[in-house]
Trainee: 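Could you have a look at this structure, given as structure tokens, before my questions?
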Amino acid sequence: MYLVTVLGNLLIILAVSSDSHLHTPMYFFLSNMSLVDIGFISTTVSKMIVDIQTRSRVISYGGCLTQMSFFILFACMDDMLLTAMAYDRFVAICHPLHYSVIMNPHFCGFLVLVSFLISVLDSQLHNLIVLQLTCFKDVEISNFFCGPSQLLSLACSDTVSNNIVMYVFGAIFGFLPFSGIFFSYYKIISSILRVPSIGGKYKVFSTCGSHLSVVCLFYGTGFGVYLGSTLSSSPWKDVVASVMCTIVTPMLNPFIYSLRNRDIKSTLWRLYSRLI
């Protein structure tokens, strides 16, 4: 599953970079998200693969904090890029005549840079919260990677205030992008409903189908991981949600975008024919 994820996302990056017809804002964000997905799954699964091979389940304290930092960084970056892609679809459908002016290359690069800086801030804020813990009552994590909720549950000191701060930050960094996506699709659906023909409505909305599928998959599994330790008393359910979020979602993203996208499929087929 790890190799399929890395290969699938690399193929999307290769297809976008090699075909000039795909040098558009939507595919620019898609290639960046593929790169983030490779880092996202490599943060957790590569360590797990090493542990399986060496029959060791040990990770250092510094390694644990580093893994958690990169996990939150890439997860937040995914979230921000999905928001940027929703805005791209909103401008393309609701303001098509101004699309090339609004979504110019400089603005797209600015959106990616802002997404990265916000993700770094979110990651470091979570790190600072965990660093406030002075001791641990146990050092066995009931998951295959270090997450903020798992580390807070191990502390022997009172973590109520830390939990409140962490979930407030999570709500801010999660709710604001989700609100942007929701608002974009509200405007998109309002515009689609004004299209007179059913065929025209389907043609317009079909450009959003892949992105909407990835949004539902990402938020569904993401909330399961972030809120799992609080809402569920079963460690097994928490691990299942973590597997879905960190392994299944990055693996399915390339298939969702390639199988539902005629441009990506034709570009990949031309690359294959050229290699043959």
Trainee: Quick one: does N9's side chain get under 4.5 Å of L35's, heavy atoms only?
Mentor: no
Trainee: Run the numbers on S34 and N253 for side-chain contact (heavy atoms from CB on, under 4.5 Å), then give the verdict.
Mentor: CA-CA 8 Å; S34 296; N253 286 353; over 6 Å; no
Trainee: Please lay out, stage by stage, how H98 and V91 fare under the test side-chain contact (heavy atoms from CB on, under 4.5 Å).
Mentor: CA-CA 8 Å; H98 302 285; V91 176; 5.8 Å; no
Trainee: Check whether any side-chain heavy atom of V112 lies under 4.5 Å from a side-chain heavy atom of F28, and answer yes or no.
Mentor: yes
Trainee: Would you give me the side-chain donor-acceptor pairs under 3.5 Å for residues 101-111, sequence neighbours excluded?
Mentor:
from: N104; atom 1: OD1; to: H106; atom 2: N; distance (Å): 3.1
from: N104; atom 1: OD1; to: F107; atom 2: N; distance (Å): 2.9
from: N104; atom 1: ND2; to: V101; atom 2: O; distance (Å): 3.0
from: N104; atom 1: ND2; to: I102; atom 2: O; distance (Å): 3.4

Trainee: Going by the ring pair (Phe, Tyr, Trp, His ring centres under 6.0 Å) test, name the single residue among F74, Y2, F71 that passes it with F40.
Mentor: F71
Trainee: Any sub-3.5 Å donor-acceptor pair from D122's side-chain atoms to I118's backbone N or O?
Mentor: no
Trainee: Would you find a donor on one side and an acceptor on the other, under 3.5 Å apart, between the side chain of H211 and the backbone of M85?
Mentor: no
Trainee: Membership question, hydrophobic clusters at under 4.5 Å side-chain separation (ILVMFWY): are F218 and F182 in the same one?
Mentor: no
Trainee: If you look at every heavy atom in P96 and I93, which pair is closest and at what distance?
Mentor: CD-O, 3.7 Å
Trainee: Are I41 and T246 side-chain neighbours, meaning at least one heavy-atom pair lies under 4.5 Å?
Mentor: no
Trainee: Can you find a heavy atom in the side chain of L82 that is under 4.5 Å from one in the side chain of P177?
Mentor: no
Trainee: So do V4 and F255 actually touch side chain to side chain, heavy atoms under 4.5 Å?
Mentor: yes
Trainee: Can Y61 be reached from F70 by stepping across I, L, V, M, F, W or Y side chains whose heavy atoms are under 4.5 Å apart?
Mentor: yes
Trainee: Test of understanding: with side-chain contact (heavy atoms from CB on, under 4.5 Å), list the residues that count as partners of M48, not counting sequence neighbours.
Mentor: V45, I52, F144, I247
Trainee: Got a sec, which residues hit side-chain contact (heavy atoms from CB on, under 4.5 Å) with S123, two or more places apart in sequence or on another chain?
Mentor: S69, I72, L73
Trainee: Can you tell me how far CD1 of I181 sits from SG of C216, rounded to the nearest 0.5 angstrom?
Mentor: 9.5 Å
Trainee: Passes side-chain contact (heavy atoms from CB on, under 4.5 Å), D19 versus R270? Steps please.
Mentor: CA-CA 10 Å; D19 192 343; R270 284 197 298 271; 2.5 Å; yes
Trainee: Restricting to non-hydrogen atoms, name the atom on T267 and the atom on A15 that form the minimum distance, rounded to 0.1 Å.
Mentor: CG2-O, 3.6 Å
Trainee: Is there side-chain contact between C208 and I188, with heavy atoms separated by less than 4.5 Å?
Mentor: yes
Trainee: Do L131 and L65 come within less than 4.5 Å of each other through their side chains, counting heavy atoms only?
Mentor: yes
Trainee: Using side-chain heavy atoms (C-beta onward) and a distance below 4.5 Å, is I12 in contact with M33?
Mentor: no
Trainee: With clusters defined by side-chain heavy atoms of hydrophobic residues (ILVMFWY) lying less than 4.5 Å apart, directly or transitively, does L128 cluster with V120?
Mentor: no
Trainee: Mind checking whether F183 and Y186 have parallel, tilted or perpendicular rings, split at 30° and 60°?
Mentor: tilted
Trainee: Got a sec, which residues hit side-chain contact (heavy atoms from CB on, under 4.5 Å) with L212, two or more places apart in sequence or on another chain?
Mentor: Y185, F205
Trainee: Does NZ in K47 sit with more than 12 non-hydrogen atoms of other residues, nucleotides or ligands closer than 6.0 Å?
Mentor: yes
Trainee: Once you measure the plane-to-plane angle for F90 and H95, does it fall in the parallel (<30°), tilted (30-60°) or perpendicular (>60°) bin?
Mentor: perpendicular
Trainee: Please answer: with hydrophobic residues joined when any side-chain heavy atoms are less than 4.5 Å apart, are L7 and I38 in the same cluster?
Mentor: yes
Trainee: Who pairs with R57 by salt bridge (Lys or Arg N to Asp or Glu O under 4.0 Å), at least two apart in sequence or on another chain?
Mentor: none
Trainee: So does F145 get a backbone contact from the side chain of Q67, meaning a donor-acceptor N/O pair under 3.5 Å?
Mentor: no
Trainee: Is the backbone N or O of M244 less than 3.5 Å from a side-chain atom of T249, with the two atoms forming a donor-acceptor pair by type?
Mentor: yes
Trainee: Check the pair R89, S184 against side-chain contact (heavy atoms from CB on, under 4.5 Å), reporting the backbone distance first and the verdict last.
Mentor: CA-CA 8 Å; R89 292 298 85 205; S184 297; over 6 Å; no
Trainee: Output every pair passing side chain to side chain donor-acceptor pair (under 3.5 Å) with a member in residues 73-88, not counting sequence neighbours, ordered by first then second residue.
Mentor: D79-Y219, D88-Y99
